[in-house]
Amino acid sequence: MKLSLPLAMLLALSFAPAARAANEADYKAAYAAAEAASKEAAGMRNQWTVTISALAAARKAADGGDFDRAVAASKEAEALAKASIVQANSEKEAWKAMEIR
Amino acid sequence: MTTTTGPHPTRRLILQGAASVALLGLGNLPFAAAPALAAANDKYPEEAFKLKNEADAIKALYGRTAEPSDKIKLDAPEIAENGGVVPISVTVTLDKVTSISFFVAENPNALAASYRIPEGTLPAIANRLKMAKTTNVTAIVEADGKLYSATKEVKVTVGGCGG
Amino acid sequence: MKPRSALLLGSLSAALVAFALTSPRVVAADKVDPVADAKAFRNFFFQKFPDVKHEDFVNGPYSMNADMKRQWQEKEEFPPYEFALDAGKEMFATPFKNGKTYADCFPNGGIGIRQNYPYFDEKEGKVVTLELALNRCREANGEAPYSYVKDEMASLTAYMAFTSRGKPMDIRIPDDPRALAAFENGKRYFYTRRGQLNFSCASCHVQSPGERIRAEILAPALGILNAMPIYRSEWSGMGTTSRRFVTCNSQTRAVPLEPQADEYRDVEYFLSYVANGLPISGPGARP
Amino acid sequence: MASSIRVRATANGDITEVQTLIQHPMDTGLVKDAKGEAIPAHFIQQLKFECNGKDVFVADWGTAVSKDPYVKFSFKGAKKGDELKISWTDNKGGSDTITAKIA
């Protein structure tokens with residue numbers, strides 16, 4: 001039982017900085033970044049359906065005022081959009097390896 | 001062959017009597033006793049189609065249980081290509097067959113289809129049924145007042161009942 | 001969902017990097033040679049499936065699995081696309097408001113010509129598919145175009161395919177750099193991985209035809225469009241080539257392009273050309 | 001409007017083989033549409049075949065019969081040119097009838 005006290009404090013400390021709830025401004029910034037990446041992927045005609053659903057989830061969460069989830073969803077959307085861009089770029093040459101010759 | 005108009009039950013029975021006599025003329029059919037009443041009525045077996053369990057449905061439709069018979073060749077795929085369209089057919093080498101029905105054990109309602117085989121119609125049917133999931137398909141044949149059955153498992157990967 | 005997709009994301013980018021490194025052969029910008037490509041493409045399938053008769057490849061999954069083939073043949077006795085076929089025949093004969101019919105837009109009255117589609121239109125400098133030509137015919141005669149993924153278009157192409165049944169696919173590539181570019185673009189699209197699942201058409205239809213993906217047996221890419229349009233039990237309805245491309249994209253979690261986008265027209269051009277000589281078997285029935 | 005019933009009846013010798021395909025949704029009532037509401041059950045309950053004034057085949061169908069249902073059977077006692085009357089009724093009181101000549 002004695003050990004758990006410092007452990008609990010340690011945990012609380014590590015969470016302290018992130019404890020501040022995300023607010024609308026954080027969401028707007030995260031969402032804008034995600035949307036930009038998504039548009040770039042669309043420009044390369046290589047969008048993923050999961051990016052779009054993550055963006056929608058972010059908007060829905062933000063509408064509900066849950067900015068923590070909205071930011072998280074925006075970050076996920078951005079990551080997915082970026083991955084689809086990496087895929088599009090790498091496939092510019094990679095497809096030839098699969099071609100039947 | 002008498003061609004009377006206005007379809008109603010009594011006309012059907014007279015016709016059947018007349019038909020079997022007429023067919024006698026063709027000489028290839030033994031004189032058949034009037035077909036068993038249980039499955040000859042015109043009424044749509046509403047109750048049987050509502051029952052979930054196969055045994056109850058068979059009892060509701062025919063009033064007794066069936067015994068397996070190797071005279072019923074039940075043809076169904078090993079793995080259904082799609083649960084919504086499963087081609088199932090049956091060929092029966094019993095004689096005086098009056099009714100054939102198909103049951104899919106674990107469908108929402110076990111009884112899928114029931115066919116009445118009047119005099120002169122061959123006891124062989126092909127149809128396409130829906131199957132909710134991997135389960136047994138059973139063909140029940142009523143011949144000369146007795147009930148026979150054949151069963152085959154059909155694997156289903158995509159359920160056919162939708163929803 | 002979040003931890004799982006992050007994990008998937010990590011593994012995906014790692015795989016991509018590894019993949020890019022391992023492809024040693026940096027291919028010199030070789031000249032586009034459709035004839036050689038087609039020969040290599042067909043030999044790949046003929047060698048991979050030596051006991052499948054060449055013309056049987058157009059039957060897709062049914063050329064790969066005997067039990068499925070039997071179920072298909074039973075369905076073919078009285079196929080579910082019978083209604084689309086009759087509807088298409090009727091629509092083909094019904095004149096537009098201006099009195100013209102589809103027969104006036106197509107060579108030979110639209111009968112027995114499906115095997116020449118898609119073709120490369122030298123005026124437009126692009127590939128024109130049968131579905132596109134049908135809608136252009138409607139618009140030229142003051143009628144609203146049909147949706148590329150709905151039943152009306154499927155009925156028309158079903159009837160036109162039926163009138164060409166058995167005829168060998170006969171796609172020509174004129175000696176025009178834009179046509180060669182379209183063929184190459186189609187080939188590129190066919191082999192390009194897309195969607196979060198990171199599949200290309202080839203991942204399923206070249207690497208693992210005959211195997212199952214969830215409930216379905218994968219069709220070989222050779223002759224995969226010869227049976228279009230198809231009645232799919234899964235859709236319990238007709239599907240045009242456009243509908244098939246769009247759904248395939250979304251199944252790999254890639255956002256589909258608009259129907260009849262250049263890439264779709266070019267990949268149809270590529271897939272049809274490499275299937276030259278194999279019989280038209282549309283309209284088809286599929287799982 | 002073209003009939004919902006397609007039929008092929010061919011006689012060889014004394015046996016006539018009949019194949020029928022009927023255009024009908026055969027909804028089970030278990031399927032939900034895009035908006036999540038259940039599509040009400042709508043299926044053919046009885047399908048009758050009459051030839052020369054006699055019932056040659058009667059089908060009682062439930063919700064487990066496939067969409068655009070198909071059935072094949074054969075019967076004796078008819079010949080080329082005879083008329084085969086086919087009629088169905090469904091659970092919503094819908095129905096259709098056609099008469100086809102045996103080929």
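Letters A, B, ... are given to chains in the order of the sequence lines, protein chains preceding strands, and every chain is numbered from 1. Everything quoted here is computed from the prediction, not taken from an experiment.
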[X], part contacting chain B, at a heavy-atom distance under 4.5 Å:
X: D:Leu21; value: side chain
X: D:Phe43; value: side chain
X: D:Ile39; value: neither

Does a sphere of radius 6.0 Å around CD in B:Glu78 hold more than 12 heavy atoms from other residues, nucleotides or ligands, not counting ones at 6.0 Å or beyond?
no
Heavy atoms of other groups near D:Lys80 NZ, more than 12 under 6.0 Å:
no
Restricting to non-hydrogen atoms, name the atom on D:Asp60 and the atom on B:Pro45 that form the minimum distance, rounded to 0.1 Å.
OD2-CD, 3.4 Å
Please give me the minimum heavy-atom distance between B:Lys130 and D:Lys67, naming the atom from each residue.
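In this case the closest contact between B:Lys130 and D:Lys67 is CE-N, 3.9 Å.
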Heavy-atom side-chain proximity of D:Ser74 to B:Thr121 below 4.5 angstrom
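Answer no - side chains too far apart.
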Beyond-backbone contact of B:Ile125 with D:Phe57, side-chain heavy atoms, under 4.5 angstrom
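When only atoms from C-beta onward are counted, D:Phe57 and B:Ile125 do touch, with a gap below 4.5 Å.
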Please answer whether the main-chain N or O of B:Glu119 pairs with a side-chain N or O of D:Lys54 as donor and acceptor at a distance below 3.5 Å.
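Side chain of D:Lys54 to backbone of B:Glu119: a pair is present.
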Side chain D:Ser66, main chain B:Gly84, donor-acceptor under 3.5 Å
yes
Charged N-O contact under 4.0 Å between D:Asp68 and B:Arg128
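Looking at D:Asp68 and B:Arg128, the cut-off is not met.
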To the nearest 0.5 Å, how far apart are [atom1] in [X] and [atom2] in [Y]?
X: D:Gln46; Y: B:Tyr44; atom1: CD; atom2: OH; value: 9.0 Å
X: D:Thr63; Y: B:Asn107; atom1: OG1; atom2: CG; value: 7.5 Å
X: D:Thr16; Y: B:Leu122; atom1: OG1; atom2: CG; value: 9.5 Å

Given heavy-atom pairs under 4.5 angstrom as the criterion, report whether the side chain, backbone, both or neither of B:Ile117 touches chain D.
side chain
Determine, step by step, whether B:Asn127 and D:Lys72 satisfy the side-chain contact (heavy atoms from CB on, under 4.5 Å) criterion, reporting the C-alpha distance in whole Å, the side-chain angles of both residues, the deciding distance to 0.1 Å, and the verdict.
CA-CA 7 Å; B:Asn127 57 170; D:Lys72 176 168 89 171; over 6 Å; no
Criterion side-chain hydrogen bond (donor to acceptor under 3.5 Å, both in side chains) on B:Tyr115 and D:Trp61, from CA distance to verdict
CA-CA 8 Å; B:Tyr115 298 94; D:Trp61 279 346; 3.0 Å; yes
Best-contacting candidate, B:Pro87, B:Ala113, B:Ser114, against chain D by heavy atom pairs under 4.5 angstrom:
B:Ser114
Between B:Ala126, B:Ser89, B:Ser101, B:Ala112, which shows the greatest number of heavy-atom pairs under 4.5 Å with chain D?
B:Ala126
